[in-house]
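Side chains included, hydrogens not; waters and symmetry mates left out as well; all remaining heavy atoms used.
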Amino acid sequence: MVDTEFTEKCMKARTITIPPTVAAISRGELAKSLAEQHQNNSEYFIEGAKNLVNSNTPLLVILVGYFAMEHKAHQLLALKGYKIESHICIQMALSRIVERKDLARKLSEMFESRQNVGYRMFLQNNEEGKRLADKIMKEEIIPFLEEIDKLIQEAK
């Protein structure tokens with residue numbers, strides 16, 4: 001039996017007000033602290049992704065690697081004075097604020113891959129999955145992180 005709360009929250013159309021997902025921040029201590037937090041998170045996620053390549057769950061590299069990429073982008077954008085709390089706004093900021101549509105596109109593509117792994121894909125543990133995970137790590141995730149690191153060095 002479906003109760004009233006479930007019906008109201010899940011089965012009826014609703015109008016939702018969403019507060020802004022981007023805030024301008026000063027480039028002072030707050031920006032530095034936020035950037036450091038995202039740097040640590042990115043390092044944490046990339047270490048986890050590296051450990052997954054040859055594991056029994058290799059395709060989780062895509063999921064965890066995406067978060068390493070996103071946090072690295074957050075780090076750069078914090079140094080440029082922005083705190084962003086939206087996947088799409090991170091991509092837009094890379095394209096418009098950093099003027100790197102290529103990086104925005106790569107993050108967007110990895111987001112789609114992450115969605116496929118997280119929700120739609122039939123996951124298997126086999127050698128093909130490990131090869132795919134290794135390829136994505138070497139050709140997509142690591143180069144993205146390295147390019148953002150170059151931009152971070154330029155921003156300092």
Side-chain angles (χ1 to χ4, degrees), residues 6 9-10 16 18-25 27 30-156:
F6 179 80
K9 290 186 177 180
C10 304
I16 300 172
I18 300 172
T21 59
V22 177
I25 55 176
R27 291 189 179 208
L30 177 60
K32 185 177 177 184
S33 173
L34 188 59
E36 187 176 306
Q37 174 190 343
H38 285 298
Q39 177 183 2
N40 291 338
N41 290 351
S42 181
E43 289 170 0
Y44 186 90
F45 280 111
I46 196 60
E47 188 65 29
K50 288 175 182 176
N51 291 331
L52 289 165
V53 172
N54 291 309
S55 73
N56 290 332
T57 56
L59 295 179
L60 288 179
V61 164
I62 296 167
L63 196 81
V64 176
Y66 169 77
F67 288 114
M69 293 168 70
E70 186 178 57
H71 279 289
K72 186 56 75 172
H74 276 287
Q75 179 187 356
L76 172 63
L77 291 162
L79 293 171
K80 292 200 172 276
Y82 294 93
K83 179 181 179 186
I84 302 176
E85 298 176 2
S86 159
H87 299 293
I88 190 67
C89 291
I90 282 285
Q91 294 166 28
M92 292 174 72
L94 285 174
S95 178
R96 295 182 175 118
I97 294 169
V98 182
E99 297 180 344
R100 290 294 302 269
K101 289 182 181 184
D102 60 322
L103 294 176
R105 193 175 316 105
K106 286 181 182 186
L107 191 61
S108 176
E109 290 167 358
M110 190 59 69
F111 179 81
E112 288 178 27
S113 294
R114 179 199 136 214
Q115 294 287 84
N116 286 335
V117 167
Y119 301 109
R120 299 182 207 40
M121 194 177 208
F122 180 68
L123 301 173
Q124 297 180 15
N125 173 26
N126 57 32
E127 289 305 312
E128 182 181 333
K130 289 179 182 180
R131 280 191 299 276
L132 178 60
D134 187 57
K135 179 180 180 186
I136 288 170
M137 178 67 80
K138 289 177 180 170
E139 295 178 11
E140 302 296 330
I141 298 169
I142 299 295
F144 180 92
L145 299 176
E146 289 172 346
E147 189 61 26
I148 295 287
D149 274 336
K150 289 178 190 172
L151 295 171
I152 288 169
Q153 289 307 313
E154 292 171 9
K156 288 184 176 182

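The structure places CD1 of Ile97 at 5.5 Å from CD1 of Ile84, a figure rounded to the nearest 0.5 Å. Gln153 contributes atom CD, which lies 9.5 Å from atom CG of Leu79 (distance to the nearest 0.5 angstrom). Separation of atoms CG (Asp134) and CD (Glu139) is listed at 9.0 Å; rounding is to 0.5 Å. To the nearest 0.5 Å, atom CG of residue Asn41 and atom CD of residue Glu70 are 10.5 Å apart.
The shortest heavy-atom contact between Gly65 and Ala49 is N-CB, 4.0 Å. Heavy-atom minimum distance, Leu34 versus Tyr82: CD2-O, 4.5 Å. Scanning both residues, Thr21 and Ser86, for their nearest heavy atoms gives OG1-CB, 3.4 Å. In this structure, Lys130 and Ser55 approach most closely via the heavy-atom pair CE-O, 3.1 Å. Taking each heavy atom of Ala155 and Leu76 in turn, the nearest pair found is CB-CD1, 4.4 Å. Among all heavy-atom pairs drawn from Ser42 and Ala68, the shortest one is OG-O, 2.8 Å.
Judged purely by atom type and a 3.5 angstrom limit, His38 has no side-chain atom pairing as donor or acceptor with the backbone of Ala73.
Listed by chain and residue number, nothing satisfies the side-chain hydrogen bond (donor to acceptor under 3.5 Å, both in side chains) test with Asn51 (two or more places apart in sequence, or in another chain).
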- Worked check of side chain to side chain donor-acceptor pair (under 3.5 Å) between Gln75 and Lys72: CA-CA 5 Å; Gln75 179 187 356; Lys72 186 56 75 172; 3.1 Å; yes

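Partner of Phe144 under the side chain to side chain contact (heavy atoms under 4.5 Å, CB included) criterion, out of Ile142, Ile148, Ile141: Ile148 alone. For the side-chain hydrogen bond (donor to acceptor under 3.5 Å, both in side chains) with Tyr66, the lone residue among Gln115, His71, Arg114, His87 that qualifies is His87.
Of the charged side-chain nitrogens involved, none lies within less than 4.0 Å of a carboxylate oxygen, so that Lys106 and Glu147 do not count as a salt-bridged pair.
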